[in-house]
Enquirer: 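Sharing a structure, written as structure tokens. Questions coming.
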Amino acid sequence: MPTFTLRRAVASVAVATCATLAVPAAAANAQTPLSAPVAGTHCTVGQVERATAKVAPKFWSFLQEHPKAKDHFEAALAATPAERMAMRQKWMAKRAEWKKEHPGMVGMWHHKHMHMHINKAEVHQKISEIKAICATS
């Protein structure tokens with residue numbers, strides 16, 4: 001069984017965040033406490049948020065402007081691997097449904113902050129930085 005990493009959490013968050021404006025999710029309805037632990041780390045949700053604000057200010061700005069996206073972010077950070085997988089599967093089903101209804105279209109939505117062209121290496125670097133400083137944030 002794969003172990004949970006902050007990298008997987010943030011990847012899950014990216015998927016959940018992309019779906020936020022188009023698809024409401026049950027996970028976003030519950031308020032995640034900032035003191036909730038992030039599985040596989042020594043950090044809390046609040047510490048990861050503060051580190052994210054320092055390391056990825058554009059992403060943090062997007063979360064601040066979109067409360068549902070922030071709720072998804074917090075829920076994904078506090079989720080177990082099984083819960084994250086269920087969130088991803090639910091989103092993938094909604095995405096497949098949307099694609100059937102909108103043939104030929106590429107994305108479900110567009111937002112000026114999230115329409116950034118960054119590569120996986122950059123994302124992994126930022127996640128590593130967040131993980132390195134989250135316990136001190």
Side-chain angles (χ1 to χ4, degrees):
M1 174 185 263
T3 59
F4 178 81
T5 64
L6 186 58
R7 178 172 289 131
R8 288 186 182 152
V10 174
S12 297
V13 169
V15 169
T17 300
C18 290
T20 301
L21 298 178
V23 182
N29 294 334
Q31 188 70 17
T32 304
L34 296 179
S35 61
V38 176
T41 72
H42 298 290
C43 302
T44 65
V45 170
Q47 289 172 317
V48 171
E49 286 187 350
R50 286 188 294 277
T52 300
K54 291 176 188 174
V55 173
K58 285 185 181 180
F59 179 67
W60 185 248
S61 174
F62 171 83
L63 292 177
Q64 294 302 102
E65 292 175 18
H66 298 90
K68 286 183 182 180
K70 187 173 181 205
D71 288 347
H72 279 287
F73 179 73
E74 292 171 346
L77 286 173
T80 65
E83 291 168 336
R84 282 190 336 279
M85 181 59 74
M87 291 167 71
R88 180 168 166 55
Q89 288 172 342
K90 184 176 180 178
W91 181 80
M92 293 298 286
K94 289 284 188 181
R95 182 175 180 260
E97 185 179 308
W98 184 89
K99 284 186 131 195
K100 283 182 188 176
E101 294 171 5
H102 302 87
M105 293 186 73
V106 177
M108 294 171 72
W109 63 280
H110 168 72
H111 186 272
K112 64 181 178 180
H113 291 295
M114 294 306 294
H115 192 71
M116 296 179 280
H117 298 285
I118 57 175
N119 63 41
K120 285 185 181 182
E122 289 175 287
V123 171
H124 290 259
Q125 177 62 35
K126 289 198 181 287
I127 292 168
S128 294
E129 291 176 42
I130 291 168
K131 191 172 183 177
I133 68 170
C134 74
T136 61
S137 296

Enquirer: Quickly, which of Thr52, Val38, Thr41 forms a side chain to side chain contact (heavy atoms under 4.5 Å, CB included) with Leu77? Name it, please.
Expert: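 Of all the options given, the one that passes is Val38.
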Enquirer: Tell me the disulfide bond (SG atoms under 2.5 Å apart) pairs involving residues 62-97, sequence neighbours left out?
Expert: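 The answer is none; no pair qualifies.
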Enquirer: Over all heavy atoms of both residues, which pair between Ala76 and Arg84 is shortest? Give the atoms and the distance, please.
Expert: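 Minimum heavy-atom contact is O-CD, 3.5 Å.
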Enquirer: What distance separates Leu63 CG from Lys58 NZ, expressed to the nearest 0.5 Å?
Expert: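 Going from the CG atom of Leu63 to the NZ atom of Lys58 covers 14.5 Å.
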Enquirer: Can you check whether Arg95 reaches Lys99 side chain to side chain, under 4.5 Å on heavy atoms?
Expert: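 The answer is yes, as the side chains (C-beta and beyond) meet within the 4.5 Å cut-off.
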Enquirer: Do Phe73 and Val48 make a side-chain contact, defined as non-hydrogen atoms from C-beta onward lying under 4.5 Å apart?
Expert: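 Yes; the side chains approach each other to less than 4.5 Å.
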Enquirer: Could you tell me which residues satisfy side chain to side chain contact (heavy atoms under 4.5 Å, CB included) with Pro33, sequence neighbours excluded, listed by chain and number?
Expert: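 In terms of side chain to side chain contact (heavy atoms under 4.5 Å, CB included), with neighbours along the sequence ignored, Pro33 is linked to Ser35, Ala36.
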Enquirer: Just verifying a value: how many Å separate Met92 CE and Gln89 CD, rounded to the nearest 0.5 Å?
Expert: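 Answer for the CE-CD pair, Met92 versus Gln89, is 9.5 Å.
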Enquirer: Using the side chain to side chain donor-acceptor pair (under 3.5 Å) criterion, which residues pair with Gln64? Sequence neighbours excluded.
Expert: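 By the side chain to side chain donor-acceptor pair (under 3.5 Å) rule, Gln64 matches no residue at all.
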Enquirer: Where is the tightest heavy-atom contact between Ala79 and Met87, given as atom of each residue plus distance?
Expert: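 Looks like CB-SD, 4.4 Å.
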Enquirer: Calculate, to the nearest 0.5 Å, the distance between atoms CD and NZ belonging to Glu129 and Lys54 respectively.
Expert: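 Spacing of CD (Glu129) from NZ (Lys54) equals 12.0 Å.
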Enquirer: As an exercise, state the distance from NE2 of His42 to NZ of Lys131, rounded to the nearest 0.5 Å.
Expert: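 The distance works out to 9.0 Å.
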Enquirer: Is any side-chain heavy atom of Glu49 less than 4.5 Å from a side-chain heavy atom of Glu74?
Expert: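 Of all side-chain heavy-atom pairs linking Glu74 with Glu49, at least one is under 4.5 Å.
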Enquirer: Under a 3.5 Å distance rule, please check whether Glu83 uses its side chain to pair with a backbone N or O of Thr80 as donor and acceptor.
Expert: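 Indeed, once roles are kept as given, a pair shorter than 3.5 Å links the two residues.
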Enquirer: Using the test side chain to side chain contact (heavy atoms under 4.5 Å, CB included), find all partners of Ala93 that sit at least two apart in sequence or belong to another chain.
Expert: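 Checked Ala93 against side chain to side chain contact (heavy atoms under 4.5 Å, CB included); zero matches.
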Enquirer: Hey, is the main chain of His124 close enough, under 3.5 Å, to the side chain of Ser128 for a donor-acceptor pair?
Expert: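 Looks like yes, one N/O pair under 3.5 Å.
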Enquirer: Side-chain contact test, heavy atoms from C-beta onward, threshold under 4.5 Å: evaluate it for Val55 versus Ile133 and give yes or no.
Expert: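 Touching, per the 4.5 Å side-chain cut-off.
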Enquirer: So do the side chains of His72 and Trp91 get within less than 4.5 Å of each other, counting heavy atoms only?
Expert: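 Heavy-atom side-chain distance check fails, nothing below 4.5 Å.
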Enquirer: Looking at residues at least two apart in the chain, or sitting in another chain, which of them share a side chain to side chain donor-acceptor pair (under 3.5 Å) with Glu97?
Expert: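 Partners of Glu97 by the side chain to side chain donor-acceptor pair (under 3.5 Å) criterion come out as none, since no residue qualifies.
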